[in-house]
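Working notes, beginning with the structure itself.
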Amino acid sequence: MISKIQGQIERVTFHNEMNGYTILRLKVKGDRDLVTLVGNLMAPTPGQVISATGEWVTHPQFGEQFRVIQYKTLTPATVTGIEKYLGSGLVKGIGPVMAKRIVNLFGEKTLVVIEEQSDRLYEVEGIGEKRLRMIRGAWEDQKQIREVMVFLQSHDVSAGYAAKIYKQYGNRSIEVVKNNPYRLAMDIFGIGFVTADKIAEKLGVEKDAPLRMEAGVIYILNQLAEDGHVYYPLSPLLDKCAEILKVNKENVVNALETLSKEKWIIIEELPERDDPFVYLSTFYTCETGIASKIKAILRAPYSRRKIDSTKAVEWAQKQTSISLAVNQIEAVKTALDCKLMVITGGPGTGKTTIIKTILCIFEKLGVKILLAAPTGRAAKRMSEATGRESKTIHRILEFSPGKGGFQRNEQHPLPADLIIVDEASMIDTVLMYHLVKAVPLTSTLILIGDVNQLPSVGTGNILQDIINSGSAPVVHLTEIFRQARDSDIVVNAHLINSGIIPNLENPAEGTRDFYFIEKTDADEALETVLKLVCSRIQNAFGFDPIDDVQVLSPMNRGTVGAFNLNLELQKGLNPAQEGIMRGGRAFRIYDKVMQVRNNYDKEVFNGDIGRISKIDLENQEVTINFDGRSVVYDYSDLDEIVLAYAISVHKSQGSEYPCVVIPLLTQHYVLLQRNLLYTAITRGRKLVIIIGSKKALAIAVKNDKTQNRNSDLRRRLSN
């Protein structure tokens, strides 16, 4: 039976910004008890008055609830309601304390004062020119955002995107969405083609409209790029687009022709190919540019005089008191005799020793040297290992979003005669292009990495392609050195990489660095992970459960997937701290979090891990500490942040942790691959614990089929 209800929101129990689903408690006039109201609401705020149409239902666990069908918001009328409304974080510059001061002064006229006589806010203690400017701007934004929200709600779009759309387009938001809803997918992180397509459908855009076709093709090529593909063959692309977009292939062909003419895509045809390759223009430019520049570096002369590499190696061994193995000597000599080389090997094979020896010789020659790595953590590890400064690739290339991107390029090359880049398996096609563009033709470039790890999160398989092309010398390090042979982590990683199941008999607790705990049931595995991380590891090994221990899961979903593990670990490790809800997720002070996209403005990149140090309810900002650097996030930017007590193995690349805990069950079947397990284990520096089934481990060890990535770099380098 349909009923109507009106009341003031007392508190919001749960709100998911992505779909608007809300559970809140409503104070209805005449009722002594609060009413539980559930439904999809836009940005519900304590103190707000809502009038709703819906039906009364009985939940088997939570009892009587009012389920909303339609509703509208009303301005709070009581002093208490106004105070709650303003103090809820709705308006930047007004928190609970300031809300109380304002309402104490202006009472029921508060909202009228803010709207029509905002100068009077100077009368409130603590409000000066800066804060008043903030309040005025936020109040105006809220009005505009609510208009956008109402418009989007009528087109079935969640309230969580309204602030982002308004932030991007301002007062033009509704106009932009009406004219071309697909721009949302191109311009705004978090809004994909699927969401934009739903809006377009509501606005009456036909399925086969050229606007939709072109946006759809770009979307699908971007999805393929997320799977690592630099290009996609034309025929299967036509099939995929027709199936996903639910149109005829002719429509897709027309869209491809238009996109090609407008240079959004490149369709490359070669006589030896049965099927043309379709590239997004950016990736075509990057792939061809990498090949061209690498060839140019290999052909160009040295910037330094040639020396006797044999004598140089002998001298360096005396200087460092290190006796190099045969393949290590080969690597150092190659570095002295060539313009570009690759050094690849697993843990314990002496890569750091080689770097130190190369640096010793080149420093004696007086040449300019740069050390770099793809991530901040990898760069920090390189610095610690070598005792010399190392920076991220973005930093050596002087990336500046305000100045148009990378400042180092062909016209303004890197000031170095030797450039050594560690963790090169993580470098994707776009980053490699910008790196080699900035390498002086006369310099030497050395790429160091473990080719058996997972490939980059971004497109391509750069390190593997360079190795397989035969265009540059490659030194494969396979020997495990004596000190590394004492580590079960190192020995087992190499066994797994060779397709051999390691010895899973556990030594006494606290005596070794590798343990396997057999659990076949997901709930039991989860319980074991929680006990280990929250108490047992710290008690037995002394590792801090948040800073030193990292849980790595093959998947994001499932009982022991990263998402659920984070919820459970947050409860256990940071249970009752001050926090906020965003997108259905709780963020609390001291939470361990991770950035999930490159944010060049903030200089924080995909995979960077930090700790929340401050939550500012008044200014709607969260401060996160990344390795000693504080970065401020507006609430609307928090979809770039996820909890990081547990992360996917892919996100752990380039990082090492004192202790790694890996749940490994057959429910992870899709991702049980040798290189994934190998990558996970080699992230652990002092302790690795696997919790799972022997069957799942065996599947992973035996499965050496890596997912194919479409890249033509190998051929381009070979020609």
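Among all heavy-atom pairs drawn from Gln653 and His650, the shortest one is OE1-O, 3.1 Å. What you find for Leu454 and Thr679 is that their closest heavy atoms are N-OG1, 2.9 Å. Between Leu441 and Ala300, the shortest heavy-atom distance links the atoms O-CB, 3.2 Å. When every heavy atom of Pro347 is checked against every heavy atom of Ala493, the shortest pair comes out as CG-CB, 4.3 Å. Listed here is the closest heavy atom pair of Ala379 and Ala373: N-CB, 3.5 Å. Here the closest non-hydrogen pair linking Ile361 and Trp315 is CA-CZ3, 4.2 Å.
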Self-check item: Residues Arg395, Glu603; criterion salt bridge (charged side-chain N to carboxylate O under 4.0 Å, His left out); working and verdict
Solution: CA-CA 9 Å; Arg395 288 203 173 225; Glu603 291 188 51; 3.1 Å; yes

Quiz item: Step by step, would you call Lys333 with Thr310 a side chain to side chain donor-acceptor pair (under 3.5 Å)?
Solution: CA-CA 7 Å; Lys333 283 184 173 182; Thr310 301; 3.1 Å; yes

Exercise. Dump the intermediate steps for side-chain contact (heavy atoms from CB on, under 4.5 Å) on Asn452 and Asn675, then the final yes or no.
Key: CA-CA 6 Å; Asn452 294 306; Asn675 63 348; 5.9 Å; no

Practice problem: Given side-chain contact (heavy atoms from CB on, under 4.5 Å), test Ile681 with Ile496 step by step and report yes or no. | Solution: CA-CA 10 Å; Ile681 289 172; Ile496 287 166; 3.2 Å; yes

Practice problem: Test His394 against Phe406 for ring-ring contact (aromatic ring centres under 6.0 Å, His included), laying out the working first. | Solution: CA-CA 8 Å; His394 282 85; Phe406 296 98; 5.4 Å; yes

Exercise. Please lay out, stage by stage, how Ile641 and Met594 fare under the test side-chain contact (heavy atoms from CB on, under 4.5 Å).
Key: CA-CA 6 Å; Ile641 293 295; Met594 181 174 64; over 6 Å; no

Exercise. For side-chain contact (heavy atoms from CB on, under 4.5 Å), just list the numbers for Tyr279 and Val230, CA-CA rounded to whole Å, side-chain angles, deciding distance to a tenth of an Å, and then say yes or no.
Key: CA-CA 7 Å; Tyr279 290 80; Val230 184; 3.9 Å; yes

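Looking only at side-chain heavy atoms (C-beta outward), Asp627 and Arg377 come within less than 4.5 Å of each other. Contact of the Ile393 side chain with the Pro374 side chain is registered, since non-hydrogen atoms from C-beta on lie closer than 4.5 Å. A heavy-atom distance below 4.5 Å is not found between the side chains of Ile419 and Ile446. Contact annotation: the side chain of Val661 approaches that of Ile537 to within less than 4.5 Å [non-hydrogen atoms, C-beta and beyond]. Ile517 is listed as a side-chain neighbour of Thr528, based on a closest heavy-atom distance under 4.5 Å. At a threshold of 4.5 Å between non-hydrogen side-chain atoms, the residues Ser323 and Gln317 count as touching. Under the 4.5 Å side-chain criterion, counting only non-hydrogen atoms from C-beta, Arg629 is in contact with Val604. Under the 4.5 Å side-chain criterion, counting only non-hydrogen atoms from C-beta, Ile307 is in contact with Leu336.
Lys380 and Ser390 form no side-chain donor-acceptor contact under 3.5 Å, judged by distance and modelled atom types alone. At a cut-off of 3.5 Å, with distance as the only test, a side-chain donor of Gln464 or Asn468 sits close to an acceptor on the other residue. No donor-acceptor contact under 3.5 angstrom links the side chains of Gln538 and Asp544, judged on distance only. With no hydrogens or angles considered, no side-chain donor-acceptor pair links Gln453 and Tyr678 at under 3.5 Å. Inspection of the Asn625 and Ser613 side chains reveals no N or O donor paired with an N or O acceptor under 3.5 Å. For the 3.5 Å distance criterion, the side chains of Ser711 and Asp465 qualify, holding a donor opposite an acceptor. Between the side chains of Lys592 and Gln550, at least one donor N or O sits under 3.5 Å from an acceptor N or O.
Ionic pairing of Arg683 and Glu656 is not present here: no N-O contact between side-chain nitrogen and carboxylate oxygen is shorter than 4.0 angstrom. Using a cutoff of 4.0 Å between basic side-chain nitrogens and carboxylate oxygens, Asp488 and Arg512 are scored as salt-bridged. We find that Lys293 and Glu410 are not joined by a salt bridge, their nearest charged nitrogen and carboxylate oxygen being 4.0 Å or further apart. Checked for salt-bridge contact, Glu363 and Arg388 meet the test: a charged N lies under 4.0 Å from a carboxylate O. A salt bridge links Asp547 to Arg611: one of the charged nitrogens lies within less than 4.0 Å of a carboxylate oxygen.
Here CZ of Phe283 is found 10.5 Å from OG1 of Thr285. Values are rounded to the nearest 0.5 Å. With rounding to the nearest 0.5 angstrom, the CZ atom of Phe277 is 5.5 Å from the CG atom of Asp712. Within the model, atoms CG of Asp308 and CD of Glu314 stand 8.0 Å from one another, a figure rounded to the nearest 0.5 Å. Between atom OG of residue Ser425 and atom CG of residue Asp450 there is a gap of 6.5 Å, rounded to the nearest 0.5 Å. Taking CZ of Phe399 as the reference point, atom CZ of Arg408 lies at 15.5 Å (rounded to 0.5 Å). Note that the OG atom of Ser648 and the CG atom of Leu552 stand 8.5 Å from one another [nearest 0.5 Å].
Checking side-chain atoms of Thr349 against main-chain N and O of Thr478 turns up no donor-acceptor pair under 3.5 Å. Of the possible polar contacts, none joining the Asn409 side chain to the Ala438 backbone as a donor-acceptor pair under 3.5 Å is found. Distance alone, capped at 3.5 Å, is enough to place a donor-acceptor pair between the Lys339 side chain and the Ile297 backbone. Thr344 contributes a side-chain N or O that, together with a main-chain N or O of Val451, makes up a donor-acceptor pair within less than 3.5 Å. Judged by distance alone, with hydrogens and angles left aside, the side-chain atoms of Lys651 form no donor-acceptor pair with the main-chain N or O of Ala644 at under 3.5 Å. The backbone N or O of Thr288 sits nowhere less than 3.5 Å from a side-chain atom of Ser292 that would complete a donor-acceptor pair.
Around the NZ atom of Lys368, the shell of radius 6.0 Å holds no more than 12 heavy atoms that belong to other residues, nucleotides or ligands. Lys602 NZ: more than 12 foreign heavy atoms inside a 6.0 Å radius.
The only member of Val649, Val701, Ile699, Asn703 that meets side chain to side chain contact (heavy atoms under 4.5 Å, CB included) when paired with Gln673 is Asn703. Lys356 pairs in a side chain to side chain contact (heavy atoms under 4.5 Å, CB included) with only one of the listed residues (Thr353, Leu359, Ile358, Thr352), which is Thr352. The only member of Val475, Ile354, Val313 that meets side chain to side chain contact (heavy atoms under 4.5 Å, CB included) when paired with Gln328 is Ile354.
Among residues two or more places apart in sequence or in another chain, the ring-ring contact (aromatic ring centres under 6.0 Å, His included) test is passed with Tyr232 by His229.
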